[in-house]
Amino acid sequence: MTESPPPSASSEPVEPGGTSGLSVLDPPGFHGPAPAAPAAGQPSPGRPEGTDRRPEDDAGASPAPGAPDAAPDGTAPASTGVQDRLTGRLSDFASLHEHTERLVRARGLGATLDAVLASGTALLGADRALLVTVLPGGGPSQPLGLGLDRASLGALETVPADQSLLARLLREHDRPAEVRSHDLAEDPAIGARLRELAGQLGLGGCYGLPLATEEDGPLAAALWFYDGPADPTDRRRELARRYSEVAAPLLAKQLDAEKVRRTTEALRRGLLPDRLPQPAGLRLAARLVPAGLDRSCGSDWYDAIPLPDGTVGLTVGSVSGDGPGAGPGSAPGAAAAMGRVRAALRAYAVLEGEDPVSVLGDLELLLKTTEPTRSATAVYAWVEPEERRVTLAGAGHCPPVLVTRYGAEFVETSLSAPLGMLSCWEAPGVEFTAERGDTLVLYTEGLTRRFGRTLHSGQANLRRAAADAPRDVRTDPERLCAHLLAAAAERDADRRQRADRRAAGQDHADRDGGSSPRRSTAQAPATDDLMLLAARFE
């Protein structure tokens, strides 16, 4: 195995076999003219006398002034070699530009890593690839593979750190600029475990590069594998190195963004219950699929509150941004406001939980007083598990669904405005008694938006999906939540595919008519959280 030391900061990469100092990707003339061809019988400049000349050496030489177009022996003119070299360099430049443009267009850390693996594989002519990033606390992340299944990735994780090529590329100090091996299974410089796995997985030649910046140090390491013994050419290696120089700073930005996203999501989930109570006579389950704070237009909550008299308060709701119609820029503030509203609702529930109208009325007064630029929708249900009695009220929120042995039906709440929208909020409560085995499902608008294009159609499809669930699913709140999420995802995907097909048909029609094609909005990211709380009466 070969390790190349990091290049000097002042060194200029040169084309393999060339003597003009030209980079593989630099057109001739950027660093001065190519040297004149040596006189007959003289060695090439920069190559010891007696060393065999290679065709590319002659291809880079310029003819002497006044030289004939063709050599006396009838060989091709020297200008043809220069044109061939220039054509090759322009082809390399176009290929590198195509791959770096694809990298720049990647959105999100996962797409960026996928682009690095795929483009590196294409530039090196490799067959498979492996990549790890550096975790915030140090050490490699879970490996990401191209052409390697999960079992192969798991096997490669068993390579000890002292034998790992990835670990060498992630060193803070004495980090090699590249690593390569003509045949991993037969390379004596490779550790025994890695040689064994190379034979089992059919890995032949290997080439690896670190992705690092001066400011951040090592960010990731990538290995590309050939299915048989092989070495990438000098030209391919140079292209891969140039690509990694572009990819490293872009990857650094994506890793920083991912770190911020994970931190904010952790804080956001910390504002919600870390576990649900399981009172006698009631089984609870919940699901949360938050929209990213960079896209979200609000923040949803759910809660199950054990009350002093043995009853339970169930609630879901949503806080919008800085007033009606607020956009994604207000989502972090809405998340913080959601935490404050949920905490206040818990206090009101403990004080007067058996009266949902009073609980929501107090919450509305709090919003007007402390959050005047925000609004909220909510459902609060007071549940007496032993008698299976439910009293609830809603404020501009989707009606709950009661899933029974006969199907599913809405628990219609009175039509009312969201909290904080009118000068005074008030709506009557609804009371009913559930049967043993019934499940009450509370949810937020984000779920219905995934079930249909409109709120009404989404609610109808949600009720139908709950009614059509198999009997063993309807009797288990955990499985019912999973079933509804899967059904919502399936309907959402179908709707997006239909919209894509319609947009594609419109694009063809517009092109035929000479107008500019319309842009499909089918893949627009979700802007609503998805919240689901199910309570089954035992």
Side-chain angles (χ1 to χ4, degrees), residues 1-7 13 15-17 24 54 56 88 91-92 95-96 99 103 113-133 140-171 175-212 218 220-245 247:
M1 188 194 70
T2 302
E3 290 188 8
S4 299
E15 180 182 357
V24 171
R54 295 187 296 179
E56 53 266 37
S91 176
D92 288 345
S95 177
L96 186 61
H99 287 286
L103 177 68
L113 297 178
D114 288 340
V116 170
L117 284 175
S119 293
T121 302
L123 292 171
L124 290 166
D127 301 298
R128 289 177 276 181
L130 176 69
L131 183 146
V132 295
T133 59
S141 67
Q142 292 290 324
L144 178 67
L146 178 67
L148 294 167
D149 58 22
R150 184 169 299 180
S152 300
L153 293 175
L156 289 170
E157 283 189 278
T158 64
V159 176
D162 59 344
Q163 299 181 24
S164 173
L165 301 182
L166 294 171
R168 300 183 195 186
L169 294 171
L170 294 178
R171 292 174 185 163
R175 182 173 62 252
E178 63 179 27
V179 296
R180 66 183 188 273
S181 174
H182 178 73
D183 188 357
L184 287 173
E186 301 296 334
D187 194 337
I190 300 296
R193 177 57 178 166
L194 185 53
R195 288 202 308 272
E196 176 187 358
L197 289 176
Q200 293 175 357
L201 302 177
L203 304 178
C206 173
Y207 182 74
L209 287 173
L211 284 88
L223 296 175
W224 289 274
F225 303 105
Y226 298 88
D227 288 342
D231 286 311
T233 64
D234 291 347
R235 187 175 181 180
R236 288 185 179 275
R237 289 166 51 206
E238 179 68 17
L239 284 172
R241 285 195 295 267
R242 292 296 182 93
Y243 178 82
S244 68
E245 291 172 1

J.: Are the side chain of S141 and the backbone of T133 linked by a donor-acceptor contact shorter than 3.5 Å?
T.: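 At least one qualifying donor-acceptor pair exists.
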J.: Could you give the distance from CG (D162) to CZ (R193), rounded to the nearest 0.5 Å?
T.: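 D162 atom CG to R193 atom CZ measures 13.0 Å (nearest 0.5 Å).
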J.: Given L124 and Y226, is the side-chain contact (heavy atoms from CB on, under 4.5 Å) satisfied, shown in steps?
T.: CA-CA 10 Å; L124 290 166; Y226 298 88; 3.8 Å; yes
J.: Measure across W224 and L117 and return the closest heavy-atom pair with its distance rounded to 0.1 Å.
T.: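 For W224 versus L117, the nearest heavy atoms are NE1-O, 3.4 Å.
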J.: Decide yes or no for R237 and D234: does some side-chain heavy atom of the first lie under 4.5 Å from some side-chain heavy atom of the second?
T.: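 Of all side-chain heavy-atom pairs linking D234 with R237, at least one is under 4.5 Å.
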J.: Report the distance from atom CG of L194 to atom OG1 of T158, rounding to the nearest 0.5 Å.
T.: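 OG1 of T158 is found 9.5 Å from CG of L194.
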J.: For a 4.5 angstrom cut-off between non-hydrogen side-chain atoms, does L123 reach S95?
T.: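 Of all side-chain heavy-atom pairs linking S95 with L123, at least one is under 4.5 Å.
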J.: Please examine the side chains of L223 and V179, heavy atoms only from C-beta on, and report whether any two atoms are closer than 4.5 Å.
T.: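 A side-chain contact exists here, since the closest heavy-atom pair is under 4.5 Å.
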J.: Looking at every non-hydrogen atom in both residues, tell me the closest pair between P210 and R175 and how far apart they are.
T.: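 What the structure gives for the nearest pair is CB-CD, 3.9 Å.
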J.: Are V116 and Y243 close enough that some pair of their side-chain heavy atoms sits under 4.5 Å apart?
T.: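 In contact.
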J.: Going by the rule salt bridge (Lys or Arg N to Asp or Glu O under 4.0 Å), which residues pair with D227 if we only count those two or more places apart in sequence or in a different chain?
T.: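 Expected list: R128.
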J.: Closest heavy-atom contact between P218 and R171?
T.: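 Answer, listing the atom of P218 first, then R171: CG-O, 3.9 Å.
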J.: With heavy-atom distances below 4.5 Å as the criterion, would you say the side chains of L144 and D114 are in contact?
T.: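 Yes, at least one pair of side-chain atoms sits under 4.5 Å.
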J.: Can you give me every donor-acceptor pair (side chain of residues 197-209, partner residue at least two apart or in another chain, under 3.5 Å) with its distance?
T.:
unit_1, atom_1, unit_2, atom_2, d
Q200, NE2, E196, OE2, 3.2
Y207, OH, E178, OE1, 2.5

J.: Does a side-chain heavy-atom distance below 4.5 Å link L169 with P176?
T.: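 They are in contact (side-chain heavy atoms under 4.5 Å apart), so the answer is yes.
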J.: State, to 0.1 Å, how close A115 and L103 come at their nearest heavy-atom pair, and which atoms those are.
T.: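 What the structure gives for the nearest pair is CB-CD1, 4.0 Å.
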J.: Counting C-beta onward and ignoring hydrogens, is there a side-chain heavy-atom pair between L165 and I190 closer than 4.5 Å?
T.: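 Of all side-chain heavy-atom pairs linking I190 with L165, at least one is under 4.5 Å.
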J.: Taking salt bridge (Lys or Arg N to Asp or Glu O under 4.0 Å) as the cut-off, I'd like each qualifying pair that reaches into residues 142-153, sequence neighbours left out, listed once.
T.: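 As it turns out, there is no salt bridge (Lys or Arg N to Asp or Glu O under 4.0 Å) pair with a partner in residues 142-153 once direct neighbours are skipped.
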J.: Looking only at heavy atoms, what is the nearest atom pair of A167 and A161, with distance?
T.: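 Answer, listing the atom of A167 first, then A161: CB-O, 3.6 Å.
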J.: Where do L170 and A220 come nearest, in terms of heavy atoms and distance?
T.: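 For L170 and A220, the tightest heavy-atom pair comes out as CD2-C, 3.6 Å.
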J.: Tell me, with the steps shown, if L156 and L166 meet side-chain contact (heavy atoms from CB on, under 4.5 Å).
T.: CA-CA 11 Å; L156 289 170; L166 294 171; over 6 Å; no
J.: Between R235 and E238, is there a side-chain N and carboxylate O pair less than 4.0 Å apart?
T.: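 Salt bridge absent between R235 and E238.
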